[in-house]
> 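Dumping the structure here so I can ask a few things about it.
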2 protein chains.
Amino acid sequence: MTAPERPLRRADIRREREAHILKAAEKVFAEAGFGGATMQLIADMAGLPKANLHYYFATKEDLYRRVVRNIFEIWLHAADAMDAAAGPAEGIGAYIDAKMEISRRHPFGSKVWASEVMHGAPVIQDYLETTLRDWTEGRCAVIQRWIDAGLMAPVDPRHLLYMLWASTQHYADFGHQIETLNGGKPLSDRDWAAAKRSVKGLILRGIGLPAPSGKQPPDAPPGSRRRDAPAPARD
Amino acid sequence: MTAPERPLRRADIRREREAHILKAAEKVFAEAGFGGATMQLIADMAGLPKANLHYYFATKEDLYRRVVRNIFEIWLHAADAMDAAAGPAEGIGAYIDAKMEISRRHPFGSKVWASEVMHGAPVIQDYLETTLRDWTEGRCAVIQRWIDAGLMAPVDPRHLLYMLWASTQHYADFGHQIETLNGGKPLSDRDWAAAKRSVKGLILRGIGLPAPSGKQPPDAPPGSRRRDAPAPARD
DNA sequence: TCAAAACCTGACCGTATGGTCAAGAGGCAG
DNA sequence: CTGCCTCTTGACCATACGGTCAGGTTTTGA
């Protein structure tokens with residue numbers, strides 16, 4: 001009972017406090033934007049005196065930069081879901097799941113990220129030009145390979161990625177609008193499941209795959225129904 | 001030549017000046033956010049002394065409110081494209097075209113709109129709860145009717161709308177990111193055409209329609225191919 | 001036990017912001 | 001021309017902001 005008794009050494013405390021501040025900052029930046037956020041608001045949200053913030057983060061911009069980089073890491077990590085996949089159905093399906101989960105679990109971070117990019121990426125332009133560009137090219141290559149292998153319809157991989165980003169991120173960035181259109185109530189577990197299913201269904205069909213292959217519990221016996229012939233579209 | 005000689009009466013001048021200021025304000029709000037925008041910046045952008053802004057718009061918030069409402073009108077008007085259509089192919093296709101055109105022609109307004117919603121719609125919450133809600137319910141009903149008539153796959157109309165909004169708006173809101181991934185250059189006419197085509201193709205296929213029905217010159221004879229089996233892509 | 005290091009915070013400062021105002025410039029009707 | 005109303009603007013004000021700092025408290029290592 002000596003080791004786990006005091007696991008909170010100096011460095012741990014510092015890391016903990018920083019994380020606490022970062023969480024408060026993320027929320028305030030998301031709700032007010034960089035310009036609208038004030039150190040005082042963040043301090044209040046974190047329950048600390050303003051001067052203490054400046055002890056851990058020299059400037060407002062430093063704090064903001066840390067918040068943005070944090071969410072960028074998470075955002076980028078969602079790619080892992082796509083890597084391990086054999087084909088487009090699992091790969092893109094898993095990626096959609098991962099990104100929808102990010103929108104749900106990190107709505108503030110998502111908004112901060114959106115805001116940052118919308119305002120011209122003043123603090124992460126270099127990341128866009130290096131990490132993100134590499135990442136994007138890698139995924140495009142993978143998708144192109146799937147297309148060449150005849151595993152999916154020949155769509156422009158770049159615009160497919162944009163659509164994936166847009167469709168999933170929308171549930172965070174425009175969450176307020178969605179909530180309003182949902183009768184003022186936040187999406188329930190069921191709603192989120194339906195959202196995921198809709199997005200996956202639309203996109204997977206959009207790239208020429210028949211049905212949301214993955215988990216699809218309470219709906220119909222798998223494989224028993226096809227809805228490919230939507231009444232030959234009438235046209 | 002007496003009537004059109006001086007069409008600029010007092011009221012016209014006022015309207016003209018207001019429009020000029022609104023345009024400058026839209027850009028500044030889009031680039032800096034509401035909190036980051038300053039009346040001085042807007043004044044400089046408009047080439048006017050700051051005090052003159054306050055003659056036309058009492059407060060920064062008034063100015064902002066006007067900008068937001070303007071873009072909301074445009075945004076809502078894009079619906080007209082969907083109304084006149086007989087079926088989902090033309091209706092949704094035209095809507096995508098219209099919204100992509102908005103993203104292209106009004107990138108600043110789009111960003112202001114996104115920012116407003118992201119921050120909880122402080123100034124247009126009432127619009128969301130009335131106009132937008134009615135609009136949305138109307139379109140959902142139309143889409144549901146199409147589904148019931150067997151004209152498209154049975155998708156959740158609400159999530160389909162979200163995807164339409166997200167996918168098209170993305171090209172404005174995340175335009176900077178797209179530009180960066182495009183080698184730092186803005187999308188060309190050709191790029192925009194490809195974007196439109198991709199979005200339309202993905203979504204129309206996503207709702208069970210075979211091909212971007214409208215203008216689609218070089219691809220395949222319409223109606224001659226079905227690609228339900230995921231293998232035969234490659235065509 | 002003790003000195004040094006890390007941490008905390010109330011009070012303070014220079015600046016930039018949204019907004020005001022009073023004094024004019026310009027133009028229109030009579 | 002003349003009086004009146006719209007428009008324009010430089011100077012100004014109170015406030016709130018990001019950031020600093022000196023002096024205190026707690027923790028750490030020896």
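Here is the naming used below: chain letters follow the sequence lines, and residue numbers restart at 1 for every chain. All values below come from the heavy atoms of this structure, side chains included, with hydrogens, waters and symmetry mates left out.
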> Over all strands shown, is B/Ala43 touching base, sugar-phosphate only, or nothing at heavy-atom distances under 4.0 angstrom?
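Nothing, no nucleic acid heavy atom in range.
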
> Counting only heavy atoms not in B/His77, do more than 12 fall under 6.0 Å of its NE2?
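Incorrect, the count does not exceed 12.
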
> Look at the side chain of A/Lys60 against the base of D/dG19 and say whether a donor-acceptor pair falls under 3.5 Å; ignore hydrogens and angles.
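Under the 3.5 Å cut-off, the side chain and the base do not form any donor-acceptor pair.
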
> B/Glu16 CD to D/dC7 C1': how many Å, rounded?
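It is 15 Å, rounded to the nearest whole Å.
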
> Any donor-acceptor pair under 3.5 Å linking the side-chain atoms of B/Glu116 with those of B/Tyr64?
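Note: B/Tyr64 and B/Glu116 side chains meet the donor-acceptor criterion.
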
> Whole Å only: how far is the NE2 atom of B/His20 from the C1' atom of D/dT8?
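Answer to the nearest Å: 14 Å.
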
> Could you measure the distance from the OG1 atom of A/Thr136 to the CG atom of B/Asn182? Nearest 0.5 Å is fine.
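If we round to the nearest 0.5 Å, A/Thr136:OG1 and B/Asn182:CG are 12.0 Å apart.
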
> Measure CD1/A/Ile21 against C1'/C/dC7 and give the value in whole Å, please.
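Atom-to-atom, A/Ile21 to C/dC7, this comes out as 12 Å.
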
> For B/Lys50 and C/dC21, give me the distance from atom NZ to atom P, rounded to whole Å.
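So the two atoms are 14 Å apart, to the nearest Å.
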
> Rounded to whole angstroms, how far apart are CD1 on A/Ile13 and C1' on C/dA5?
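Atom-to-atom, A/Ile13 to C/dA5, this comes out as 14 Å.
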
> Find the distance A/Asn52:CG to D/dG24:P and express it as a whole number of Å.
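It works out to 18 Å between those atoms.
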
> Select one nucleotide: of C/dG10, D/dG19, C/dG19, the one nearest the side-chain heavy atoms of A/Thr59.
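In terms of side-chain proximity for A/Thr59, the closest of C/dG10, D/dG19, C/dG19 is D/dG19.
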
> Just checking B/Tyr56: base, sugar-phosphate only, or nothing, at a heavy-atom cut-off of under 4.0 Å?
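The residue B/Tyr56 makes sugar-phosphate contact but no base contact.
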
> Both A/Leu41 and B/Leu53 contact DNA chain D. Taking the nearest nucleotide for each, which residue is further toward the 5' end?
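Checking each residue's closest nucleotide, the 5'-ward one belongs to B/Leu53.
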
> Measuring from the side chain of B/Ala51 (C-beta onward, heavy atoms only), which nucleotide among C/dG18, D/dT8, C/dC21 has the closest atom?
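For B/Ala51, the side-chain atoms sit closest to C/dC21.
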
> Does A/Arg14 place a side-chain N or O at less than 4.0 Å from the phosphate oxygens OP1/OP2 of C/dC7?
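True: A/Arg14 side-chain N/O within range (under 4.0 Å) of C/dC7 OP1/OP2.
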
> Rounded to the nearest angstrom, tell me the gap between atom CD in A/Gln40 and atom C1' in C/dG10.
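Distance check: A/Gln40 CD to C/dG10 C1' gives 12 Å.
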
> Are B/His176 and A/Gln125 linked by a side-chain donor-acceptor pair shorter than 3.5 Å?
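Yes, a side-chain donor-acceptor pair sits under 3.5 Å.
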
> Please determine, for the side chain of B/Tyr55, which listed nucleotide (C/dG18, D/dG18, D/dC7) has the closest atom?
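Among the listed nucleotides, the one closest to the side chain of B/Tyr55 is D/dC7.
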
> In whole Å, what is the span from the CE atom of B/Met39 to the P atom of D/dC12?
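Rounding to the nearest Å, CE of B/Met39 and P of D/dC12 are 21 Å apart.
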
> Closer than 4.0 angstrom, basic N to acidic O: yes or no for A/Glu73 and A/Arg69?
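Salt bridge: no.
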
> C/dT20, D/dT20, D/dG18: which one has an atom nearest the side-chain heavy atoms of B/His54?
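For the B/His54 side chain, the nearest candidate turns out to be C/dT20.
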
